[in-house]
Amino acid sequence: MSLSSLVKQARAELERFADRKATWIAVAPGRVNLIGEHVDYNDGCVLPLAIDRHVVIAASPRDDVKCRWHSVHQDQSFELAMGQPIESGEPAWSNYVRGVVAGFADITDKTDVHWPRPAFDAVIVSDVPAGGGLSSSAALEVAVATL
């Protein structure tokens, strides 16, 4: 699927999920490692390359403190309340999102840097195969961080 088709799909799915148009779009590519699989976190040499598969997040602000997330591929949703402790939870894929949000919350607590998205609805669309060795979870985390 082309990136523009994924963006269109994410926008349409957000309108279905939240009954609002997207204000923000975040995109991150999947990747493949030509060399160095599993050595990058051991300070080894790696050669990763971005591929033409993407995670796309369409989001729109809310007037409260909730962040509602929906994965089209998983057909699952979850909520986070901003300003509250963020803990792991269900569904399992949500922990990638929760980890990034918790990291931004930690930065905000310790510095005067603020994540500019206090509350929003977000829909995730992806054509990066989960579990296919193409870093779908990393692409999700990067898209969340750039939202």
Side-chain angles (χ1 to χ4, degrees), residues 1-42 46-108 113-147:
M1 184 178 285
S2 72
L3 179 55
S4 63
S5 296
L6 282 172
V7 170
K8 285 179 188 175
Q9 182 185 2
R11 287 180 185 276
E13 293 291 343
L14 179 66
E15 286 189 40
R16 264 193 283 282
F17 177 68
D19 198 27
R20 286 193 304 282
K21 293 191 180 291
T23 302
W24 308 297
I25 300 289
V27 177
R31 72 168 190 250
V32 64
N33 281 324
L34 291 183
I35 61 170
E37 191 68 27
H38 300 294
V39 298
D40 53 349
Y41 46 82
N42 290 310
V46 297
L47 183 57
L49 299 170
I51 60 172
D52 64 347
R53 301 284 183 107
H54 300 87
V55 170
V56 176
I57 302 174
S60 181
R62 296 174 55 95
D63 293 330
D64 56 17
V65 296
K66 289 183 184 176
C67 289
R68 294 188 320 150
W69 296 83
H70 179 74
S71 167
V72 171
H73 177 73
Q74 299 291 334
D75 193 24
Q76 295 175 322
S77 302
F78 76 99
E79 289 185 5
L80 294 174
M82 300 309 290
Q84 300 296 317
I86 298 171
E87 299 176 358
S88 61
E90 294 295 325
W93 63 266
S94 73
N95 291 313
Y96 296 107
V97 174
R98 293 171 196 268
V100 173
V101 174
F104 276 101
D106 188 51
I107 290 169
T108 298
V113 174
H114 298 282
W115 199 27
R117 311 286 186 253
F120 53 85
D121 288 319
V123 169
I124 303 162
V125 174
S126 177
D127 67 352
V128 182
L134 300 175
S135 301
S136 59
S137 57
L140 174 58
E141 291 169 332
V142 170
V144 171
T146 58
L147 185 59

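Values below: every heavy atom of this structure, side chains too, minus hydrogens, waters and symmetry copies.
- Atom CZ of F17 has more than 12 heavy atoms from other residues, nucleotides or ligands within 6.0 Å.
- Checked by atom type and distance alone, the side chain of H70 pairs as donor or acceptor with a backbone atom of Q76 at under 3.5 Å.
- The heavy-atom pair separating A143 from V55 by the smallest distance is CB-CG1, 4.1 Å.
- Between K21 and E15 there is a salt bridge, since at least one side-chain N of the basic residue sits less than 4.0 Å from a carboxylate O of the acidic one.
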message: Walk me through whether D64 and R62 qualify under salt bridge (Lys or Arg N to Asp or Glu O under 4.0 Å).
response: CA-CA 6 Å; D64 56 17; R62 296 174 55 95; 2.7 Å; yes
- prompt: Given the rule in the side-chain contact (heavy atoms from CB on, under 4.5 Å) test, do V56 and D127 qualify, once you have shown the distances and angles that lead to the verdict?
  reply: CA-CA 9 Å; V56 176; D127 67 352; over 6 Å; no
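- S135 places no side-chain N or O within 3.5 Å of a backbone atom of A138 that could act as its donor or acceptor partner.
- By the 30° and 60° cut-offs, the orientation of the rings of F78 relative to W93 is perpendicular.
- Within the 4.5 Å cutoff, side-chain heavy atoms of C67 are placed close to those of M82.
- Looking only at side-chain heavy atoms (C-beta outward), R68 and S77 stay at 4.5 Å or farther from each other.
- Residues A59 and F120 share a closest heavy-atom pair of CB-CD1, 4.2 Å.
- Residues S126 and L140 fail the side-chain proximity criterion, which asks for heavy atoms closer than 4.5 Å.
- When all heavy atoms of A10 and A58 are compared, the pair lying nearest together is O-CB, 3.6 Å.
- Atom CG of L134 is separated from atom CG of N33 by 10.0 Å, given to the nearest 0.5 angstrom.
- The structure places OG1 of T23 at 10.0 Å from CG of L147, a figure rounded to the nearest 0.5 Å.
- The OG atom of S94 sits 12.0 Å away from the CD atom of E79 when rounded to the nearest 0.5 Å.
- One distance of note links CZ of R53 with CG of L6; it measures 9.5 Å at 0.5 Å rounding.
- A pairwise comparison of heavy atoms in A122 and I57 identifies CB-CG2, 3.9 Å as the closest pair.
- Considering all non-hydrogen atoms of both residues, V101 and I86 come closest at CG1-CD1, 3.3 Å.
- A distance-only check finds no donor-acceptor pair linking the side chain of D121 to the backbone of W69 [under 3.5 Å].
- Across every non-hydrogen atom of A22 and L14, the tightest pair is CA-CD2, 3.5 Å.
- Distance check, rounded to the nearest 0.5 Å: CZ of R11 to CD1 of I25 gives 4.0 Å.
- For the atom pair N95 CG and E87 CD, the distance stands at 11.0 Å (nearest 0.5 Å).
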